[in-house]
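A short write-up of the structure that comes next.
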2 protein chains.
Amino acid sequence: MERKTDITQAIKTAGLKVTPQRRTVYEVMQELRHASVDTVIEKVRERNPDITVSTIYRILDSFCRAKVLSSVGNPADGKHYFDITVGNHHHLFDGQKIADYDDPELTRLIYRYLAGKLPGDTNIDKIQVQIIINHLKSE
Amino acid sequence: MERKTDITQAIKTAGLKVTPQRRTVYEVMQELRHASVDTVIEKVRERNPDITVSTIYRILDSFCRAKVLSSVGNPADGKHYFDITVGNHHHLFDGQKIADYDDPELTRLIYRYLAGKLPGDTNIDKIQVQIIINHLKSE
DNA sequence: GTGTCTGCAAAGAATTTGCAAAGAC
DNA sequence: GTCTTTGCAAATTCTTTGCAGACAC
């Protein structure tokens, strides 16, 4: 879907050196969109078992600090996921599943609403709405 | 601040048996509002060093499943926190600090907005807005 | 070339488990 | 009395580290 050079660009632009290991992690995240460490490790090693677990941890860490990836915590189970999308966007949580919910209008709506509510000097970096879906079970 | 019986009630209402260990964990969470496992362990053991780490894990787990506590993931550092507040409410993230932002009007605003946007059969359990504050540093 | 990144193996944390005794209701 | 919870100690699992060689630029 995305070309080789785009991956290279994404990593380079973030100020990181481009290595095959980083490219693989990035590729995997592009496919998964949201994933826990375990899943990333699993998928990366499927493609290339020579990449070490510790390297994957280090890459995920550098990606987060360089804002190549972001973090989401699933409120349902409290688990931590990496997210290929860095900018303002929202999430639908359906049990273990996380889906993006991209809605700039909603973002603007909230920004506008909050403008009058928070102290004037508050600098909002980002707004994320988490929508938790309930599979109404007989109970 | 909260009386003994209230703590008992909170635990009992959730369908769990009331034990001194559970009462202590609950008390600590009442004070902390938001806390990581480490912090809970630390504070609980300050009060009563006889309570085991594994017990604390088990209690936190049972509290979450019984919805005595909820989970928040700090999007800034990806760490997981427990939250004494279970119902609909929002959060301000300021680096490591998490603050509640309770605003039913905002909640309603989003509910209303989403009503027209999501598939009709989507059952929203909960909405949480995460507001990430940026300490604009010279950069 | 220089400085960063990776693999490896080991250390260190964090979390979970099995079981017997203690405790809640 | 019955079923659940706890303490203990050990096992597992998860994550980080130090260092030397490899690699990106």
Side-chain angles (χ1 to χ4, degrees), chain A residues 4-29 35-69 71 73-74 77-82, chain B residues 4-29 35-69 71 73-74 77-82:
Chain A
K4 249 185 161 179
T5 42
D6 294 335
I7 297 179
T8 303
Q9 267 326 105
I11 299 172
K12 194 174 286 180
T13 306
L16 298 172
K17 300 202 167 169
V18 181
T19 67
Q21 293 86 343
R22 283 180 175 165
R23 292 173 49 72
T24 305
V25 171
Y26 192 84
E27 263 170 48
V28 162
M29 279 304 302
S36 60
V37 199
D38 319 345
T39 312
V40 177
I41 290 173
E42 185 189 322
K43 294 291 173 191
V44 166
R45 307 204 64 163
E46 264 174 28
R47 300 194 179 209
N48 182 353
D50 296 341
I51 301 176
T52 309
V53 172
S54 70
T55 297
I56 299 174
Y57 274 104
R58 282 188 278 221
I59 291 175
L60 288 171
D61 186 53
S62 63
F63 276 7
C64 280
R65 284 190 287 96
K67 297 203 197 291
V68 173
L69 297 176
S71 277
N74 184 337
D77 61 6
K79 281 195 194 116
H80 171 242
Y81 293 81
F82 295 98
Chain B
K4 251 185 161 179
T5 41
D6 294 334
I7 298 179
T8 303
Q9 266 327 103
I11 300 172
K12 192 173 289 180
T13 305
L16 298 173
K17 298 202 169 170
V18 181
T19 68
Q21 294 87 339
R22 285 180 173 166
R23 294 173 47 73
T24 305
V25 171
Y26 192 84
E27 261 170 47
V28 162
M29 279 304 302
S36 59
V37 198
D38 320 345
T39 312
V40 176
I41 290 174
E42 185 190 322
K43 294 291 172 192
V44 166
R45 306 204 64 163
E46 263 174 29
R47 300 196 181 209
N48 183 354
D50 295 342
I51 301 177
T52 308
V53 173
S54 71
T55 298
I56 299 174
Y57 274 102
R58 283 188 278 220
I59 291 175
L60 288 172
D61 186 53
S62 63
F63 276 7
C64 280
R65 281 190 290 95
K67 298 204 195 290
V68 173
L69 297 176
S71 276
N74 184 338
D77 61 5
K79 280 192 195 118
H80 171 244
Y81 294 80
F82 295 98

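Every chain is numbered from 1, with letters handed out A, B, ... down the list of sequences. Heavy atoms only: backbone and side chains are in, while hydrogens, waters and symmetry mates are out.
- Nearer to the 5' terminus of DNA chain C, by closest-nucleotide assignment, is the contact made by A/G15 (compared with the other of A/G15 and B/V53).
- Contact between A/E27 and A/I7 at its shortest, heavy atoms only, is CG-CD1, 3.3 Å.
- Distance, A/H80 NE2 to C/dA14 P: 16 Å, rounded to whole Å.
- Regarding contacts with the backbone of D/dT6, every side-chain N or O of B/T55 stays at 4.0 angstrom or more from both OP1 and OP2.
- Considering all non-hydrogen atoms of both residues, B/S71 and B/C64 come closest at OG-SG, 4.4 Å.
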message: Does the protein touch nucleotides 18-25 of chain C at the base, only the backbone, or not at all? Give it as B, S and - per nucleotide, heavy atoms under 4.0 Å.
response: B-----SS
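- When all heavy atoms are compared, the tightest approach of B/T24 to B/R47 is CG2-CD, 4.1 Å.
- The CZ atom of B/R23 sits 13 Å away from the P atom of D/dT6 (whole-angstrom rounding).
- For A/A10 against A/V68, the heavy-atom pair with the smallest separation is O-CG2, 4.3 Å.
- The CD1-P distance, from B/I59 to C/dT16, rounds to 14 Å in whole Å.
- Going from atom CZ of A/R22 over to atom C1' of D/dC23 covers 11 Å, rounded to whole Å.
- Atom CD1 in A/I56 sits about 12 Å away from atom C1' in C/dG7, given to the nearest Å.
- Following rounding to the nearest Å, A/I41 (CD1) and D/dC14 (C1') show an atom-to-atom distance of 8 Å.
- Looking at A/F63 and A/L16, their side chains come closer than 4.5 Å, going by heavy atoms from C-beta outward.
- Rounding to whole angstrom units, NZ of residue A/K79 and P of D/dT13 are separated by 15 Å.
- Proximity of B/Y57 to B/T52: side-chain heavy atoms (C-beta onward) are nowhere separated by under 4.5 Å.
- Between the CZ atom of A/R45 and the P atom of C/dT6 there is a distance of 14 Å, rounded to whole Å.
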